[in-house]
Protein chains: 2
Amino acid sequence: MQKKIPTKETFEFFKKHDHDVCFGDAMMEIEKHCHKKNLQFTPLRRRVFEYLLRDHKPLGAYEILDLLREDGLASTPPIAYRVLDFLMKEGFVHKIQGLNAFVACSHPGSSHSPAFMICRKCEKVAELDEKISGINLGKSIPSDFSVEETVVEMRGICTSCMALS
Amino acid sequence: MQKKIPTKETFEFFKKHDHDVCFGDAMMEIEKHCHKKNLQFTPLRRRVFEYLLRDHKPLGAYEILDLLREDGLASTPPIAYRVLDFLMKEGFVHKIQGLNAFVACSHPGSSHSPAFMICRKCEKVAELDEKISGINLGKSIPSDFSVEETVVEMRGICTSCMALS
DNA sequence: CTATTGATGTTATAATATAACATTGAGATA
DNA sequence: TATCTCAATGTTATATTATAACATCAATAG
């Protein structure tokens with residue numbers, strides 16, 4: 001059992017937030033999830049998830065491999081892709097299609113069609129869930145198509161980076 | 001000058017539509033556009049655009065290169081990517097991020113944040129404009145991010161393919 | 001005519017991702 | 001204990017997607 005942690009608002013990621021809480025929260029969630037589903041949250045999986053949680057910047061598979069190599073771990077492509085597949089399948093990591101990169105999920109558990117805001121300057125990413133974004137694609141589409149999965153990505157610039165220019 | 005062609009509804013692409021009209025319409029548009037902007041709609045660019053217009057299936061860059069090779073034309077990667085860049089820049093082709101593939105735009109001219117419905121079975125793609133989709137991301141996002149570009153893709157199954165199962 | 005420019009052509013390589021198979025280690029079971 | 005099984009990890013090779021850098025060519029502006 002862990003202490004209750006205040007809900008964070010996703011779109012605050014571009015501002016300051018308590019990242020230690022954020023990090024610990026996510027770790028706790030994935031541990032709980034894996035325990036419940038009898039899945040192995042192995043050192044390798046933990047390590048990769050840590051890289052992704054460090055800040056809200058997406059990492060490419062080969063960046064992850066570089067980090068693994070620095071840490072003296074195995075670092076051939078399948079290693080990274082397999083771990084990422086696992087983390088994505090369990091809903092703790094998303095792929096950012098527009099960047100060929102991977103980012104830790106900010107709302108694990110909440111059933112989602114995530115939407116991402118990607119800052120083109122700092123490259124950080126914020127994830128919006130449907131309630132915040134007001135986006136719900138499934139409901140807005142024509143009747144001759146049945147949606148199974150959605151990708152929503154917005155490129156732009158975040159307030160912090162805007163302030164710097 | 002050309003005869004006025006009836007507006008097509010984008011989401012009818014998964015059903016039957018008059019593809020000759022559709023094709024001719026698009027060709028006319030791009031010719032007009034290039035003439036107006038004093039851009040060269042060269043044989044190579046025309047050929048690639050034709051491949052993309054043939055049906056509403058997205059083509060990968062290397063598929064386009066195969067078609068060029070079959071047609072006895074130059075077919076090294078930069079050829080395809082350059083033409084695709086041109087067609088995308090002018091708004092007549094979009095990239096489908098989830099497929100690493102390219103598709104002819106269905107609403108050239110209409111200022112858009114396109115949304116795509118991609119059938120996982122027949123692999124055809126329909127493009128929705130904001131009015132039809134009811135999607136308008138720019139308006140729904142938090143105030144600490146300024147959207148410059150959006151990617152919206154829906155994977156699923158179209159009526160035609162649904163009917164076959 | 002020659003200089004510039006945009007388009008195309010060519011060679012090489014970078015970046016991203018997967019297939020196929022080998023090894024290991026931690027339970028389950030005989 | 002022995003060994004079976006299975007998921008995870010490790011390894012080798014290769015497929016797929018994309019770009020960098022530079023060469024050529026043809027139209028046209030000066």
Side-chain angles (χ1 to χ4, degrees), chain A residues 30-31 33-52 58-90 92-103 123 151 153, chain B residues 30-31 33-52 57-69 71-90 92-103 123 151 153:
Chain A
I30 195 169
E31 273 165 9
H33 173 90
C34 289
H35 186 260
K36 210 169 356 190
K37 289 190 64 180
N38 223 334
L39 299 168
Q40 302 179 50
F41 191 48
T42 62
L44 179 61
R45 289 170 175 176
R46 171 183 296 272
R47 187 64 64 103
V48 171
F49 193 48
E50 282 168 359
Y51 298 151
L52 292 169
L59 296 175
Y62 284 74
E63 291 179 276
I64 288 169
L65 288 168
D66 289 343
L67 293 168
L68 288 170
R69 191 169 311 111
E70 281 171 26
D71 287 347
L73 301 171
S75 54
T76 56
I79 296 283
Y81 285 104
R82 277 191 302 230
V83 171
L84 290 167
D85 283 348
F86 171 85
L87 295 170
M88 285 194 287
K89 184 150 164 258
E90 300 308 320
F92 289 86
V93 164
H94 297 293
K95 179 167 187 181
I96 304 295
Q97 297 289 345
L99 298 174
N100 293 321
F102 304 84
V103 73
E123 299 226 294
V151 173
E153 298 178 6
Chain B
I30 195 169
E31 273 165 9
H33 173 89
C34 289
H35 185 260
K36 208 170 358 191
K37 289 191 65 180
N38 223 335
L39 300 168
Q40 304 178 50
F41 190 47
T42 63
L44 178 62
R45 288 168 177 177
R46 172 184 295 272
R47 187 65 65 102
V48 171
F49 193 48
E50 282 168 359
Y51 299 151
L52 292 170
K57 209 179 284 180
L59 297 175
Y62 284 76
E63 291 180 276
I64 288 168
L65 288 168
D66 289 344
L67 293 168
L68 288 169
R69 191 170 311 111
D71 286 348
L73 301 171
S75 54
T76 56
I79 295 282
Y81 285 104
R82 277 190 302 228
V83 171
L84 290 167
D85 283 348
F86 171 84
L87 295 171
M88 285 193 288
K89 185 150 163 259
E90 300 307 320
F92 289 87
V93 164
H94 296 294
K95 179 167 187 181
I96 305 294
Q97 296 289 345
L99 298 175
N100 293 320
F102 303 86
V103 73
E123 299 226 296
V151 174
E153 298 178 7

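Order of the sequence lines fixes the chain letters, A, B, ..., with proteins taken first and strands second; residue numbering starts at 1 for each chain.
Using modelled atom types, one finds a donor on one side chain and an acceptor on the other under 3.5 Å when comparing B:Asp71 with B:Tyr51.
Side-chain atoms of A:Tyr62 and base atoms of C:dA14 include no donor and acceptor less than 3.5 Å apart. Residue-to-nucleotide contacts include no donor-acceptor pair under 3.5 Å from the side chain of A:Tyr81 to the base of C:dA19.
Within the structure, a side-chain polar atom (N or O) of B:Asn100 is placed less than 4.0 Å from OP1 or OP2 of D:dA18. Under 4.0 angstrom from either OP1 or OP2 of C:dT16 there lies no side-chain N or O belonging to A:Lys95.
Following rounding to the nearest Å, A:Gln40 (CD) and D:dT9 (P) show an atom-to-atom distance of 7 Å. If you measure from atom CD1 of B:Ile79 to atom P of C:dT8, you get 7 Å, rounded to the nearest angstrom. Rounded to an integer number of Å, the gap from CD of B:Glu90 to P of C:dG6 is 13 Å. Separating the CZ atom of B:Phe41 from the C1' atom of D:dA27 is a distance of 19 Å, rounded to the nearest angstrom. Atom-to-atom, CG of B:Asp85 to C1' of C:dA7 comes out at 13 Å; the value is rounded to the nearest Å. Separating the CG atom of B:Leu44 from the P atom of D:dA26 is a distance of 15 Å, rounded to the nearest angstrom. Here C:dA7 presents its C1' atom at 17 Å from CZ of B:Arg47, a figure rounded to the nearest Å. Rounded to an integer number of Å, the gap from CG of A:Asn38 to C1' of D:dA8 is 15 Å.
Aromatic ring centres of B:Phe92 and B:His33 lie closer together than 6.0 Å.
Residue B:Thr42 is classed as a sugar-phosphate contact, given heavy-atom separations below 4.0 Å to backbone atoms only. Among the protein residues, A:Arg82 comes within range of the nucleic acid bases, having at least one heavy atom under 4.0 Å from a base atom. Residue contacts for B:Phe86: at a heavy-atom cut-off of 4.0 Å it reaches no nucleic acid atom on any strand shown.
When the nearest nucleotides of DNA chain C are assigned to B:Pro78 and B:Arg45 by heavy-atom distance, the more 5′-ward of the two goes with B:Arg45.
Although no hydrogens or angles enter the test, the distance criterion places no donor-acceptor pair under 3.5 Å between the side chain of B:Glu153 and the main chain of A:Val151.
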Take B:Ile79 and B:Leu44 through the side chain to side chain contact (heavy atoms under 4.5 Å, CB included) test and state the conclusion after the steps.
-> CA-CA 9 Å; B:Ile79 295 282; B:Leu44 178 62; 3.9 Å; yes
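Here the closest non-hydrogen pair linking B:Phe86 and B:Gln40 is CZ-O, 4.1 Å.
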